[in-house]
Amino acid sequence: MKNRSTPSQFSNLSNPEKPDKAQAILSGALQVFTKHGYAAASMDRIASAAGVSKPTLYNYFQDKQGLFIALIHQLTQNNSQLILNLPTEPNLQTPPEQVLRQMATAVLNEFANNPALLTLMRLIIGESERFPELAQTHLREIIKPLMERLSLYLASQPQLQLSDPVVAARIFTGSLVHYLIIQNILQGDEILPLDRDRMVNGLIQLMVAGEARVETPPVERANSSKD
């Protein structure tokens, strides 16, 4: 049985200084997936759009699912690296509020500036019933490592006072995904308008609420200054 192409094999494909056939295949696949959807995106169509032969296509990507996952990995590479590089020890120089704000802003900006990401998100959700393995592979190979790293980061920040960092990581990422689905995929800008900065500010306030509770109250600070 053929082994599927894994995203890590193609982590450098977005480098414009090294154009190659694999990059051409990914570009062609993006055109086909966005135009025809996942089910109708045949390897024949992808090879034609990429300007390569089918043997060449299969030499780089052994099936459509592996190609789709590699494409998502490429498009989300910047945000993935941001999360995977999170420290797992307390960092007093960079407070969690700053880190989480940078992350939330980067994710929302990436989707706003790259419509292909929203298209692929629609495909994954829309095809999850007919192709459950596609959705599960996406979760296993891309989402799970990011969630685990974010959970480890949150657990390493005692000032946040989080009783369950895994749940907190789900709430943080789930809020961003919900915002993207409501505002962009379901076209909710007019029905449920919510400014992006307001969304990020409110989410960060929720995440650091525990940190605010453990700060010394103003009255106590005032009394201690008199002693």
Side-chain angles (χ1 to χ4, degrees), residues 14 30-39 68-69 71-86 94-131 134-135 138-139 142-151 153-154 157 159-213 215:
S14 59
L30 178 59
Q31 297 175 29
V32 175
F33 283 128
T34 54
K35 182 178 180 179
H36 299 285
Y38 182 80
F68 187 83
I69 294 298
L71 179 61
I72 296 175
H73 184 272
Q74 183 197 44
L75 292 173
T76 59
Q77 187 175 30
N78 291 336
N79 287 332
S80 295
Q81 287 303 314
L82 181 64
I83 297 174
L84 292 175
N85 290 334
L86 287 173
T94 309
E97 178 180 359
Q98 179 179 335
V99 173
L100 294 174
R101 183 180 302 279
Q102 178 186 5
M103 190 183 311
T105 302
V107 169
L108 295 181
N109 284 343
E110 188 77 16
F111 275 86
N113 297 327
N114 194 345
L117 283 172
L118 287 172
T119 300
L120 296 182
M121 180 186 288
R122 290 188 185 97
L123 287 178
I124 293 172
I125 295 173
E127 303 283 16
S128 60
E129 183 174 356
R130 285 195 296 172
F131 302 97
L134 173 66
H138 169 65
L139 290 176
I142 297 179
I143 302 300
K144 183 180 179 181
L146 301 181
M147 294 294 295
E148 290 175 344
R149 189 68 181 188
L150 179 56
S151 299
Y153 169 76
L154 294 175
Q157 306 301 311
Q159 65 270 47
L160 291 177
Q161 298 289 301
L162 297 172
S163 60
D164 193 331
V166 173
V167 172
R170 290 284 191 101
I171 292 172
F172 181 79
T173 55
S175 298
L176 297 177
V177 172
H178 180 269
Y179 179 83
L180 289 168
I181 291 175
I182 293 295
Q183 305 304 125
N184 299 102
I185 294 181
L186 298 182
Q187 311 298 323
D189 277 338
E190 295 184 3
I191 301 173
L192 290 171
L194 181 59
D195 180 75
R196 188 183 310 167
D197 291 339
R198 180 182 174 188
M199 166 65 190
V200 172
N201 289 336
L203 178 58
I204 300 306
Q205 288 174 10
L206 288 175
M207 296 297 296
V208 302
E211 182 177 2
R213 286 197 299 270
E215 290 182 351

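- By the side-chain contact (heavy atoms from CB on, under 4.5 Å) test, L84 pairs with Q81, L146, R149, sequence neighbours left out.
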Just list the side-chain donor-acceptor pairs under 3.5 Å for residues 184-193, sequence neighbours left out, or say none.
| residue | atom | partner | partner atom | Å |
| --- | --- | --- | --- | --- |
| Q187 | NE2 | N184 | O | 2.8 |
| D189 | OD1 | Q183 | NE2 | 3.0 |

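- Between L154 and V166 there is no side-chain heavy-atom pair separated by less than 4.5 Å.
- Of all heavy-atom pairs between S128 and A135, the closest is CB-CB, 4.0 Å.
- The minimum heavy-atom distance linking I142 with I69 is given by the pair CD1-O, 3.9 Å.
- The two residues P96 and Y153 have their closest heavy-atom pair at CA-OH, 3.2 Å.
- Residue pairs satisfying the salt bridge (charged side-chain N to carboxylate O under 4.0 Å, His left out) criterion with at least one member in residues 98-125, sequence neighbours excluded, are listed as follows: E97-R101.
- Under the side chain to side chain donor-acceptor pair (under 3.5 Å) criterion, R198 pairs with no residue, sequence neighbours left out.
- Taken from NE2 in H138 to CD in E127, the straight-line distance is 14.0 Å, to the nearest 0.5 Å.
- Shown here are the ring-ring contact (aromatic ring centres under 6.0 Å, His included) partners of F68, two or more places apart in sequence or in another chain: F33, Y38.
- Sorted by first and then second residue, the side-chain hydrogen bond (donor to acceptor under 3.5 Å, both in side chains) pairs with a member in residues 165-180 form an empty list; sequence neighbours excluded.
- Every side chain to side chain donor-acceptor pair (under 3.5 Å) that N109 has, sequence neighbours left out, goes to R196.
- Of the candidates L117, I143, L120, L120 is the only one forming a side-chain contact (heavy atoms from CB on, under 4.5 Å) with I72.
- In this structure, the side-chain contact (heavy atoms from CB on, under 4.5 Å) partners of Q98, at least two apart in sequence or on a different chain, are T94, P95.
- Considering only heavy atoms from C-beta on, Q74 stays 4.5 Å or farther from L30 through its side chain.
- For V177, the side-chain contact (heavy atoms from CB on, under 4.5 Å) partners at least two apart in sequence or on another chain are I181.
- In terms of heavy-atom proximity, F172 sits nearest to A104 at CZ-CB, 3.9 Å.
- Residues satisfying the side-chain contact (heavy atoms from CB on, under 4.5 Å) criterion with V107, sequence neighbours excluded, are N79, F111, L176.
- Not counting sequence neighbours, N78 has no partner by the side chain to side chain donor-acceptor pair (under 3.5 Å) test.
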